[in-house]
Amino acid sequence: MASMKLGSKSEAFQREGQTWVCTTGLSSDVVVEVGGMSFHLHKFPLLSRSGVLEKLIEDFSCEDGTRCVLQLHDIPGGAMSFELVAKFCYGVKIELNAQNVVSLRCAAEHLQMDETYGEGNLIKQTEDFLNEVFGNWVDSIKALEACEEVLLHAEETHIVSRCINSLAMKACADPSLFNWPVSGRDSIQNASAPVLWNGIYTGNKPRSFGVDWWYEDVSFLSLPLYKRLIMEVEARGMNPETIAGSLTFYAKRYLPGLSKQFSFKESRNHVNTGSTISSPSERDQRHFLEEIVGLLPSKKGVTSTKFLLKLLHTAMMLHASSSCRENLEKRVGAQLDQAALEDLLIPNMGFTIETLYDIDCVQRILDQFILADQAAAGSSSPCIVDEEQLVDGNPPLTPITMVAKLVDGYLAEVAPDVNLKLAKFQSLAAVIPDYARPLDDGIYRAIDIYLKAHPWLTDSEREQLCRLMNCQKLSLEACTHAAQNERLPLRVVVQVLFFEQLRLRTSIAGWFFVSDNLDNSQGQNGNLVLPKNDDATEANPAHAETEDHFMNINDMRMRVNELEKECLSMKQELEKLGKNKKRWNILSRLGFGKALPSSDTQAAAPSSSEPHENGEQNNEGS
């Protein structure tokens, strides 16, 4: 830390309680009162250096012969600053540093200690030292913190603006290119490290610093000063991601609700052991949060969705302004595809709590996302999902697809709430367009959980709820579960079974069609004989290719047999499931009573179109 020594005389002051006495041997002829302290001094050293003291001494009348008494209760820095001023006037040794130079500079300005009252007066001396302070990161931080005590006077002398400009310039630059001590709190502990005359460290090589090297140092600033610093670095073109990172660090330091370690209630009576900052009041926290939200960069994605949702949760707890909450909801909605399910589970903070979680808030966020997604898509067609991707189980991860999965998971989490109304559940699920769900397993699971938690729903309400899912987009596992789900309406079960049988018939017919084509192509080339050993295979590559064809045919036939067994097993399960004859008759009319084609039959090609025709007739019947 930089320092500067002034004066050459030894200590000439002695403190006795609340009184400072000059021990030069001459009797005191002026008393200066500052706060609760009294300084017994001499007129000449004071009036020769200060225009204000000169005027006060001249105006003071001593008709009764008593000593001159001056009151300087409004001097910046109080008694501590005036003590240094008095020592400077007497030429006593004093040491300037980044922590006392600000108040001393303001006191010198207040007392008019300029060059008119002596060369090298206190204003010039403190200004010269301040210029040295502004060249150092750590000293600039300490000087800006010291401005808090004399803020109005520091503003008048432009010390605050110069500190902020110095810090902003260094924060926007690469610290490894300059001789700037970084991370001030750590630098103080290592101040005893040996340094060469030109500022090069003789110890270990300086470590590399990331873009967040300045976050902790500026987090000790008050909100008004920190806000001005952020606005300055933004004006200098700092990366929005870096600004958002600093705001996140700063907010977590002062808002207990954002901390993972403490709940909001605990934070009122608990102070972070790593900080000397006491827990602010709810009103101060509310003002703080609203200011931080206003400083967040507007660019999408630079602030993490997790942090934005934490801010939104805290804003609800603190009853922040509606404009602040709407701002956060809009920001979260713009990047909802980056959110995690656990962060969306915001407890209901309303006065009339109906549901456990704030469904309305998530609804508004989702509406914001849909509006942003539609605006980004413009006139482009919706996402078309390739069938092969569905079979492989790897649907494309577009933002709308990710949000659909997120909403389905959210609905499954809130579905057990008995106070969740059907209309609210439907409204949230219906916002997601049909093309956004490659598979409807997620929404089916949410519907099933809701039906289980709300057994009093009528049949019409159950059917209305099940319209939210598309039975054709259920996986085989979901179809198997739905076919045995007694909570689903009968019509929905029939639809699930119909589409599943149609899918199986189409799959089996496709396998037969491929098998028949392969047999025909091999028949045209004559009888093929399998090679007897590996040497023959290497000598004749055509034999190896023939072997692969035969193996593929055998694999396909085995797969067809497996599908036949699965279909027969499903039929037996349905017979057990059917509780009355009428229900089975409905299933029989859909074709479950017909026998499947045998794998040994060679009429595969004609049968490939039959399931499609039957499927169309059954679809019309349903």
Side-chain angles (χ1 to χ4, degrees), residues 212 240-241 244-245 247-249 251-252 255-264 289 292-293 296-297 299-317 320 324-349 355-373 376 383 393-417 420 424-425 427-429 431-433 436-447 449-450:
D212 61 344
E241 286 83 357
L247 287 166
T248 302
F249 190 96
K252 289 181 178 179
L255 285 177
L258 298 180
S259 176
K260 293 182 179 180
Q261 293 88 346
F262 310 113
S263 66
F264 181 72
L289 183 141
I292 291 296
V293 172
L296 290 174
K299 185 179 179 181
K300 174 185 173 182
V302 298
T303 307
S304 70
T305 309
K306 187 181 188 69
F307 177 67
L308 290 174
L309 283 168
K310 283 188 174 183
L311 281 178
L312 180 58
H313 184 191
T314 307
M316 293 178 175
M317 295 169 62
C324 176
R325 296 196 301 269
E326 290 173 2
N327 187 351
L328 288 170
E329 289 175 359
K330 187 175 181 180
R331 289 176 181 271
V332 174
Q335 53 193 61
L336 185 58
D337 54 301
Q338 303 174 14
L341 175 58
E342 59 181 4
D343 299 322
L344 275 182
L345 298 175
I346 302 175
N348 201 332
M349 298 291 174
T355 56
L356 180 62
Y357 296 107
D358 197 334
I359 312 295
D360 295 332
C361 176
V362 176
Q363 178 80 57
R364 292 191 297 268
I365 293 175
L366 185 57
D367 291 339
Q368 290 289 346
F369 172 81
I370 296 298
L371 289 175
D373 185 73
C383 154
N394 297 317
L397 294 178
T398 61
I400 187 67
T401 303
M402 297 171 67
V403 170
K405 182 179 179 181
L406 180 66
V407 171
D408 291 345
Y410 180 81
L411 289 171
E413 288 292 333
V414 302
D417 190 350
L420 179 57
K424 189 167 291 189
F425 184 93
S427 176
L428 187 59
V431 175
I432 302 297
R437 291 188 176 100
L439 290 175
D440 273 20
D441 289 13
I443 187 64
Y444 165 67
R445 176 173 174 268
I447 291 173
I449 295 175
Y450 187 84

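Source: prediction; values computed, not measured.
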*asked:* Please give me the minimum heavy-atom distance between A315 and L328, naming the atom from each residue.
replied: CB-CD1, 4.2 Å
Name the atoms and distances for all side-chain donor-acceptor pairs under 3.5 Å in residues 336-347, with sequence neighbours left out.
from, atom 1, to, atom 2, distance (Å)
D343, OD1, K306, NZ, 3.1
D343, OD2, K306, NZ, 3.4

*asked:* Quick check: closest heavy atoms across P297 and P240, and the distance to 0.1 Å?
replied: CG-O, 3.6 Å
_Residues that N327 engages under side chain to side chain donor-acceptor pair (under 3.5 Å), provided they are two or more places apart_ = R331
_Applying salt bridge (Lys or Arg N to Asp or Glu O under 4.0 Å), can you list everything that pairs with D367, at least two apart in sequence or on another chain?_
none
*Tell me, please, which residues at least two apart from F425 pass ring pair (Phe, Tyr, Trp, His ring centres under 6.0 Å).*
Y450
*Rounded to the nearest 0.5 Å, how far apart are CG of L308 and OG1 of T303?*
5.5 Å
_Rounded to the nearest 0.5 Å, what separates atom CD in E413 from atom CG in L411?_
10.5 Å
*How long is the gap from CG on L366 to CG on D373, to the nearest 0.5 Å?*
10.5 Å
*asked:* Is there a side-chain contact between R445 and D441 in this structure, where contact means two heavy atoms from C-beta onward sitting under 4.5 Å apart?
replied: no
*asked:* Could you tell me if the side chain of I432 sits less than 4.5 Å from the side chain of R437, heavy atoms only?
replied: yes
*Please name all residues satisfying side chain to side chain donor-acceptor pair (under 3.5 Å) with S427, sequence neighbours left out, ordered by chain then number.*
Q363
_Could you check whether any side-chain heavy atom of V407 comes within less than 4.5 Å of a side-chain heavy atom of V431, counting everything from C-beta outward?_
no
*Apply side chain to side chain donor-acceptor pair (under 3.5 Å) to Q335 and list each qualifying residue two or more places apart in sequence or on a separate chain.*
T305
_Please enumerate all residues that pass salt bridge (Lys or Arg N to Asp or Glu O under 4.0 Å) together with K405, with sequence neighbours excluded._
none
_Pairing residues for E329 by the side-chain contact (heavy atoms from CB on, under 4.5 Å) criterion, not counting sequence neighbours_ = L312, M316, C361, R364, I365
*Please test V414 against T355 for side-chain contact (heavy atoms from CB on, under 4.5 Å), starting from the C-alpha separation and ending with a verdict.*
CA-CA 9 Å; V414 302; T355 56; over 6 Å; no
*What pairs with D440 under side chain to side chain donor-acceptor pair (under 3.5 Å), at least two apart in sequence or on another chain?*
none
*Can you name the residues that form a side-chain contact (heavy atoms from CB on, under 4.5 Å) with A372, not counting sequence neighbours?*
none
_Heavy atoms of other groups near K330 NZ, more than 12 under 6.0 Å_ = no
*Please report the closest heavy-atom contact between A446 and A412, naming both atoms and the distance.*
CB-N, 3.7 Å
*State, with a plain yes or no, whether a side-chain heavy atom of L311 is found less than 4.5 Å away from one of C324.*
no
*Do you know the tightest heavy-atom contact between L247 and F307?*
O-CZ, 4.4 Å
*Is the backbone N or O of A334 less than 3.5 Å from a side-chain atom of K300, with the two atoms forming a donor-acceptor pair by type?*
yes
*Could you tell me whether the side chain of V362 reaches within less than 4.5 Å of the side chain of Y410, counting heavy atoms only?*
yes
